[in-house]
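The structure appears below as structure tokens.
Lettering follows sequence order; numbering is per chain, from 1. Keep in mind that this is a model prediction, so the values were computed, not measured. For the numbers below, each heavy atom of this structure counts, side chains included, while hydrogens, waters and symmetry mates do not.
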2 protein chains.
Amino acid sequence: MVGIAEVARAAGVSTATVSRALSGRGQVSDAARAKVQAAVDALGYVMSASASSLASGRTRNIGVLVPLLDKWFYATVLSGIADVLSRHGYDIALYNLTDDPAQRAGVFDTSLRRSRIDGLITLTVELSDPERDGILALGMPVVAVGAPNHGIPALTVDDRAVAHAATSHLIALGHREIAHIGSGRAGGEVPARRREGYEQALHQAGIAPRAELFAHADFTIEAGHAAALELLRRTDRPTALFAASDEMAFGALFAARELALDVPGDVSVVGVDGHGMSGFFGLTTVDQFPQAQGERAAHAVLAALGLEAPAGAPELPFELVLRTSTAPPA
Amino acid sequence: MVGIAEVARAAGVSTATVSRALSGRGQVSDAARAKVQAAVDALGYVMSASASSLASGRTRNIGVLVPLLDKWFYATVLSGIADVLSRHGYDIALYNLTDDPAQRAGVFDTSLRRSRIDGLITLTVELSDPERDGILALGMPVVAVGAPNHGIPALTVDDRAVAHAATSHLIALGHREIAHIGSGRAGGEVPARRREGYEQALHQAGIAPRAELFAHADFTIEAGHAAALELLRRTDRPTALFAASDEMAFGALFAARELALDVPGDVSVVGVDGHGMSGFFGLTTVDQFPQAQGERAAHAVLAALGLEAPAGAPELPFELVLRTSTAPPA
DNA sequence: TTGAAAGCGCTAACAA
DNA sequence: TTGTTAGCGCTTTCAA
């Protein structure tokens, strides 16, 4: 393996100059820089990450904490993060959190504390208080996307406004019996806010939210399906369904089909996310541009590390996308 | 940050003994081991990854090369990998390959060569020859899942057999006009083999494959949709469709619905993958257990690193799952 | 702008 | 079984 000493020799300079030329820190003459670059290219030199990290304290590596890697939303945000970081020469350390306490402990107590990363991005994870404290104690920039775990700076969409937009759309179409599939406080901040936005929109339209029109689901397509079946089988069937995620909305669409209900003839459905398949389902949804959220998060850590100018507000955009799953009630 | 010296002092032993006690290499008395562990717990010591790597040459980090992070299949395999590695105290370095030559060059020429990882897993990526050579030159264990890039040991399902199973199922139902959505040589090894398996099954049934019944698609739902539209609009419409991936099959199902064709009444559809949503679509598919593929790949690198006993054959299982999208032709 | 040299925190001979 | 110590390959003072 060719090291910095060999490069220095080939370039006719000291190792210190090679280091400075390659890192961009400190002054190096153009002549020296050129010689170093030539030697690097000729020898195919690549700096050892561990040696550099040990000496400098910088790792050029960002940790990403993800729950449920195989869910479209997280995978898409991750893809946005990877794009930006890769373009800046940063590597990604991926930490997939499961429900297994031992596995989580390993991540929080060991992996994250090995000094392997310069910063951390957490994707909508509900953290326990000790977990959150552990993260803050890492002493490195942390950016949360989605969930505002108290104390961790978060990039969030205004989930109340998202739900409000979806619900208002249904109200504007003339619906009064609007059910909601999601979760309350138990599911964490995000679902809770979406439910609030839903209820707020109803209130503003002079409609009292009815407990029977709320169905709990854990954001999977299966749970959305089950919840929708229950709601749509009621004798006083709602004319519209607002699901707190597109995958749950997909489940609802399948449920409607099973019950031989026409969408949007018999029931309108709205989701949240902008899932890649929502177009095919004709699903009206509130797109929250997850790929862009990942990109924003990556830029935010880079900014916190002083590598980029800080970006603007932490508020993320969203947009109601109208498709064929919503229409006025029959 | 508490270091090994502080632990040694607290435990009343030398740093060498601490190192041995924690790494499990070399002989350490039970008494010493206990004292070290107590000191570690008391001080909350976690070893510095860079210092340890620099001195030992081991990183406790495995690289994973992924194309298209936001596709269900890759995300699911990745999830399986993460599960196993995390359980073994290994971290993951995630490298997302894009089509951008500069980005790819950065990954192959720099990121992978920084001595940041002990081993590498590549997920069905079509690598250029120099890229593949670069990987082999890394001098570390490499495991490919899916694509048998020449020279890299691969865990693969028998893609010919997979396609053969899907096609034979349609033939057994009585279909003769069976179209295929996938790609030929151009798309890489995997699609090519699936097409071979498809044609082989036809031949064995005495059916001559017809060029008009092959439609190219790039494994996205959009492309599957477009390909199916084209096939299903033919006057001599095929009675069955074999799509080389579930997502393309989903596209085909949407296409059938748009054309007011009944599935399976007017046309049968089979996919490949065992996608999480295939059950909801009622899609008959050949499940290839992607999560388990990831787990197998992780075990394979660990075995190559001498941390586990080598597992069995590199052949991965698959299974035809019958659902409601296939039936005898009308 | 450059170079010499002292670490960064750990591991692994080697000697005891 | 343990301790001493020389690196591992860089970065960063400090002095020139």
**OP:** On DNA chain D, reading 5' to 3', which nucleotide is the first and which the last to sit with an atom under 4.0 Å from a heavy atom of chain A, could you check?
**Re:** D:dG9 to D:dT13
Report, one line per pair, each donor and acceptor closer than 3.5 Å where one atom sits in a side chain of residues 37-45 of chain B; sequence neighbours left out.
| residue | atom | partner | partner atom | Å |
| --- | --- | --- | --- | --- |
| B:Q37 | NE2 | B:D41 | OD1 | 3.0 |

Original post:
Out of curiosity, B:R33 CZ to B:R20 CZ, how far, rounded to the nearest 0.5 Å?
Top reply: 11.0 Å
Original post:
Can you name the one residue among B:L78, B:D91, B:V66 that meets side-chain contact (heavy atoms from CB on, under 4.5 Å) with A:L94?
Top reply: B:L78
Original post:
Which of residues 30-57 of chain B have a heavy atom under 4.0 Å from DNA chain D?
Top reply: B:A32, B:L54, B:A55
Original post:
To the nearest 0.5 Å, how far apart are CG in A:L120 and CG in A:L112?
Top reply: 6.0 Å
Original post:
B:Y90 and side-chain contact (heavy atoms from CB on, under 4.5 Å): which partner among B:L305, B:V84, B:N61?
Top reply: B:L305
**OP:** May I ask you to decide if A:R116's main-chain N or O and A:T59's side chain share a donor-acceptor pair within less than 3.5 Å?
**Re:** yes
Subject >> Sub-4.5 Å side-chain heavy-atom contact between B:M1 and A:S115 >> reply: yes
Original post:
Nucleotide range of DNA chain C contacted by chain B, 5' to 3', under 4.0 Å to a heavy atom?
Top reply: C:dG9 to C:dA13
Subject >> side-chain contact (heavy atoms from CB on, under 4.5 Å) evaluation trace for B:Y74 with B:L69 >> reply: CA-CA 6 Å; B:Y74 298 116; B:L69 249 179; 6.0 Å; no
Original post:
Who pairs with A:E131 by salt bridge (charged side-chain N to carboxylate O under 4.0 Å, His left out), at least two apart in sequence or on another chain?
Top reply: A:R104
Original post:
Would you call B:R113 and B:D109 a salt bridge, using N to O less than 4.0 angstrom?
Top reply: no
Original post:
Is B:Q103 reaching over with its side chain to a backbone N or O of A:S86, donor-acceptor style, under 3.5 angstrom?
Top reply: no
Subject >> Partners passing side-chain hydrogen bond (donor to acceptor under 3.5 Å, both in side chains) against A:S53 (at least two apart in sequence or in another chain) >> reply: none
Distance-only donor-acceptor pairs under 3.5 Å for side chains of residues 295-303 of chain B, two or more places apart:
| residue | atom | partner | partner atom | Å |
| --- | --- | --- | --- | --- |
| B:E295 | OE2 | B:Q291 | NE2 | 3.4 |
| B:R296 | NH2 | B:A313 | O | 2.5 |
| B:H299 | ND1 | B:E308 | OE1 | 2.9 |
| B:H299 | ND1 | B:E308 | OE2 | 3.0 |

Subject >> Interface residues of residues 110-118 of chain B with DNA chain D (non-hydrogen, below 4.0 angstrom) >> reply: none
Subject >> Counterpart residues, side-chain hydrogen bond (donor to acceptor under 3.5 Å, both in side chains), relative to A:T15 (two or more places apart) >> reply: none
Original post:
Among B:V77, B:V157, B:T156, whose side-chain contact (heavy atoms from CB on, under 4.5 Å) with B:Q288 holds?
Top reply: B:V157
Subject >> Selection residues 133-148 of chain B - residue pairs positive for side chain to side chain donor-acceptor pair (under 3.5 Å), sequence neighbours left out >> reply: none
**OP:** For DNA chain D, find the residues of residues 4-21 of chain A with a heavy-atom distance under 4.0 Å and give them by number; none if there aren't any.
**Re:** A:I4, A:A16, A:S19, A:R20
Original post:
Using the C1' atoms of the five pairs at each end, what is the angle between the end axes of the helix from C:dT1-D:dA16 to C:dA16-D:dT1, to 10°?
Top reply: 30°
Original post:
About how many Å separate CE of B:M47 and CZ of B:R60, when rounded to the nearest 0.5 Å?
Top reply: 7.0 Å
